[in-house]
There are 2 protein chains.
Amino acid sequence: MFSNSAKYAIKAVLYLAVNSSEEHKIMIKDLAKPINVPRHYLAKLLQDLSKKHLVSSIKGPKGGFYLSAKNRKEKVIDIINAVDGEERMKACLLSLEGCNANNPCSLHHLIYDERQAILKNLNKTSLDHLAEHIKSGKSILPL
Amino acid sequence: MFSNSAKYAIKAVLYLAVNSSEEHKIMIKDLAKPINVPRHYLAKLLQDLSKKHLVSSIKGPKGGFYLSAKNRKEKVIDIINAVDGEERMKACLLSLEGCNANNPCSLHHLIYDERQAILKNLNKTSLDHLAEHIKSGKSILPL
DNA sequence: AAAAAAATATGACTTAAATCATATTTAAGA
DNA sequence: TCTTAAATATGATTTAAGTCATATTTTTTT
């Protein structure tokens, strides 16, 4: 469904949503451990997200990563798309070029509606909404 | 969702469901072309499926691959599981070990129901059912 | 200003998935 | 029985994803 990298990114961003703020930035090494993601790999991912303004970062002493208020408003799908590209989540499950509603591949009707529903959920759910869930114990964010 | 290999396998098996029979076996090279899958890679996949009795094959001149009546009764999910393993389709989307209904990960409720519905569809749909769809023009099986 | 602590940038290495190639076995047909 | 045509088995190569390492830049603190 989505790549390993996207999973890592989601875990990282949610951890930041729950634990960081502009006043309390988090360094790579303190982020990599609790979410169980290889440190250097995570650094690359976050640098990428930083360039795309999906996470915030400050260099130097007292620096680190955090989510701004604006960052927190982003939807889950934006993180996924930033990492995996816009196409991956939309592509035909059999990777058939010509597959669409008028010309459906054989698996299309077995999957399409549900897939759209998932997409819709990912499209409407913001990071701070998920962070609230985690804080209130409705969901978890472990390794 | 599922691997490239599983996509290839599904395309191949559906092609066989539509075009082959015990009286009309299909050689690897005549199968690889229309479904646009690398020939040698496809051979490996089919040999694997053959060992697991999901496709039928005969060696030697006049040999080739085909689907027996029994093969045609198999469900789509069986092909997928044979190629990707039983776990892949069931695993937590964030690959969290501890994720389950009692202890849901953050994306769990965004996806779970729809995912189950897809699984259910793949579990109840047989190859010959899909083949009928293709034959009657309700769906396509191109590259 | 200098030193130290952080992200950033770049690239090398490793692993697994995907692809390709070749030798072996089996069955059909002459 | 010999030749040929197919799958089968095995393994090598390539490519892409994932991982690791190091040098550079920026910012804070002294």
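Side chains are part of it too, since the values below use all heavy atoms of this structure and drop only hydrogens, waters and symmetry mates. Chain A is the first sequence line, chain B the second, and so forth, proteins listed ahead of strands; every chain is numbered from 1.
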Report summary line: Asp48(A) CG to dA17(D) C1', in whole Å, measures 14 Å
Query raised in the report: Any side-chain N or O of Ser50(A) under 4.0 Å from OP1/OP2 of dT8(C)?
Result: yes
Query raised in the report: Under 3.5 Å, is there a donor-acceptor pair between the Tyr41(B) and Ser5(B) side chains?
Result: yes
**Report entry** CD (Gln116(A)) with more than 12 external heavy atoms under 6.0 Å
**Finding:** yes
Query raised in the report: Tell me, do Asn121(B) and Ile111(A) make a side-chain contact under 4.5 Å, heavy atoms counted?
Result: no
Requested in this report: Just compare dA7(C), dT22(D), dT19(D) and give me whichever is closest to any side-chain atom of Phe65(A).
Outcome: dA7(C)
Query - Summary of ring-ring contact (aromatic ring centres under 6.0 Å, His included) pairs that have at least one residue in residues 95-138 of chain A, sequence neighbours excluded - result: His108(A)-Tyr112(A), His109(A)-His133(B), His129(A)-His133(A), His133(A)-His109(B)
Query raised in the report: Touch check for Ile28(A), heavy atoms < 4.0 angstrom, all strands: base, sugar-phosphate only, or nothing?
Result: sugar-phosphate
Query raised in the report: Does the side chain of Tyr8(B) get closer than 4.0 angstrom to OP1 or OP2 of dA18(C) through an N or O atom?
Result: no
Query raised in the report: Are any non-hydrogen side-chain atoms of Arg39(B) and Lys29(B) less than 4.5 angstrom apart?
Result: yes
Query raised in the report: Name the one of Ile58(B), Ile26(B), Leu16(B) that satisfies side-chain contact (heavy atoms from CB on, under 4.5 Å) with Tyr66(B)?
Result: Ile58(B)
Report task. Please report, rounded to the nearest Å, how far the C1' atom of dA6(C) is from the CG atom of Leu42(A). Result -> 15 Å
Query - Nearest-angstrom distance from the residue atom CG of Leu16(A) to P of dA7(C) - result: 11 Å
Taking N or O atoms only and anything under 3.5 Å, show me the protein contacts with nucleotides 10-16 of chain C, one pair per line.
from    : atom 1 : to       : atom 2 : distance (Å)
dG11(C) : O6     : Lys44(A) : NZ     : 2.5

Report task. Residues of residues 53-62 of chain B with any non-hydrogen atom less than 4.0 angstrom from an atom of DNA chain D: list those, numerically ordered, please. Result -> Ser57(B), Ile58(B), Lys59(B), Gly60(B), Pro61(B)
Requested in this report: May I ask you to verify if any side-chain N or O of Ser5(B) is less than 4.0 angstrom from the OP1 or OP2 atom of dA18(C)?
Outcome: yes
Query raised in the report: Does some side-chain heavy atom of Thr125(B) sit less than 4.5 Å from a side-chain heavy atom of Leu107(A)?
Result: no
Query - Separation of dC20(C) P from Lys29(B) NZ (nearest whole Å) - result: 18 Å
Query raised in the report: Quick one: Arg39(A) CZ to dT22(D) P, roughly how many Å, whole number?
Result: 12 Å
Query raised in the report: Are side-chain N/O atoms of Lys7(B) and Ser95(A) paired as donor and acceptor at under 3.5 Å?
Result: yes
**Report entry** Atom-pair distance (CG on Asn36(A); P on dG18(D)), nearest Å
**Finding:** 15 Å
Requested in this report: Measure the distance from CG on Leu45(B) to P on dA18(C) and round it to the nearest whole Å.
Outcome: 9 Å
**Report entry** Partner of Asp128(B) under salt bridge (charged side-chain N to carboxylate O under 4.0 Å, His left out), chosen from Arg72(B), Lys70(B), Lys75(B), Lys73(B)
**Finding:** Lys73(B)
Report task. Side chain of Met27(B) only, please: which of dA7(D), dA7(C), dC20(C) is the nearest? Result -> dA7(D)
Report task. May I have the distance from Tyr41(A) (atom OH) to dT19(D) (atom P), rounded to whole angstrom? Result -> 6 Å
**Report entry** Per Asn4(B) side chain, nearest of listed nucleotides dT19(D), dT19(C), dA18(C)
**Finding:** dA18(C)
Report task. Answer with base, sugar-phosphate or nothing: what part of the nucleic acid does Lys7(A) contact at a heavy-atom distance below 4.0 Å? Result -> nothing
Requested in this report: Would you indicate what Ile26(A) reaches in the nucleic acid, counting non-hydrogen atoms under 4.0 angstrom: base, sugar-phosphate, or nothing?
Outcome: sugar-phosphate
**Report entry** Over 12 non-hydrogen atoms of neighbours within 6.0 angstrom of NZ in Lys120(B)
**Finding:** no
